[in-house]
Amino acid sequence: MAKTAPKTLKRTSRQNRIRAKVTGTELKPRVAVFRSNKHFSAQVINDAKGETVASVHSRESKAKSKGEKVKDLGSLLAKKVLDKKIDTVVFDRGGYIFTGVVKAFAEALRAGGLKF
């Protein structure tokens, strides 16, 4: 069995703690984010049915920097979700600290018209 880095264990425990409190419904789905060193992705999930409503990945953006890609993804996801007649979501930061690209993504979602 491979050893897991302490940083990963901490993030996983934070993620489980958040996930126990945050769930998505049909009227108010959950926006789950994932970031790696190279990419960023997010999906809007209806936990009641267990289905993904919409998703975006950093490969979809043509911007050069990661920050610009994340802002593009936020506006793109907001547009996709608003097209499905959903305007309120629950934000699940996935155990990541609410700074940097996670915060920029959340602000882009808000600027795109989503409420959370």
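It should be emphasised that the depicted structure is a prediction, and the values quoted were computed from it without experimental measurement.
Interatomic distance, Leu73 CG to His39 NE2, rounded to the nearest 0.5 Å: 11.5 Å. We find the CD1-OG1 distance between Ile45 and Thr23 to be 11.5 Å, quoted to the nearest 0.5 Å. Atom-to-atom distance recorded for Arg93:CZ and Arg35:CZ is 11.0 Å, nearest 0.5 angstrom. Atoms CG and CG, from Asp47 and Asp92 in turn, are 8.5 Å apart once rounded to the nearest 0.5 Å. Remark: Lys62 NZ to Lys69 NZ distance equals 9.0 Å, nearest 0.5 Å. For the atom pair Leu109 CG and Ser75 OG, the distance stands at 9.0 Å (nearest 0.5 Å).
Side-chain atoms of Lys71 never come within 3.5 Å of backbone atoms of Ala104 as a donor-acceptor pair (strictly under, hydrogens ignored). Listed for the Ser41 side chain is no donor-acceptor partner under 3.5 Å among the backbone atoms of His57. When atom types are taken as modelled, the side chain of Arg14 and the backbone of Gly95 share a donor-acceptor pair closer than 3.5 angstrom. Between the side chain of Ser61 and the backbone N or O of Ser58 there is no donor-acceptor pair closer than 3.5 Å.
In this structure, Thr88 and Pro29 approach most closely via the heavy-atom pair O-CD, 3.6 Å. The shortest heavy-atom contact between Gly74 and Ala108 is CA-CB, 3.8 Å. Closest non-hydrogen pair, Gly94 versus Arg11, comes out as O-NH1, 2.8 Å. For the residue pair Gly112 and Ala78, the shortest heavy atom distance occurs at CA-CB, 3.8 Å.
A 4.5 Å side-chain heavy-atom check between Val22 and Phe91 finds every atom pair outside the cut-off. Taking 4.5 Å as the limit, some side-chain heavy atom of Leu114 sits within range of a side-chain heavy atom of Leu82. Here the side chains of Phe116 and Lys28 are not in contact, with every heavy-atom distance at 4.5 Å or above.
Both Val53 and Leu76 are assigned to one and the same hydrophobic cluster, defined by single-linkage of ILVMFWY side chains at heavy-atom distances under 4.5 Å. Residues Val56 and Ile86 share a hydrophobic cluster, clusters being chains of Ile/Leu/Val/Met/Phe/Trp/Tyr side chains in contact below 4.5 Å. Linking Ile, Leu, Val, Met, Phe, Trp and Tyr residues whenever their side-chain heavy atoms come within less than 4.5 Å places Phe34 and Phe98 in a single cluster.
Applying the 6.0 Å contact sphere to CD of Glu26 captures no more than 12 heavy atoms from other residues, nucleotides or ligands. Counting heavy-atom neighbours within 6.0 Å of Leu27 CG, excluding the residue itself, gives a total of 12 or less.
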message = For a side-chain contact (heavy atoms from CB on, under 4.5 Å) check, start with the C-alpha distance between Tyr96 and Val101, then their side-chain angles and the critical distance, and finish with the verdict.
response = CA-CA 10 Å; Tyr96 302 109; Val101 292; over 6 Å; no
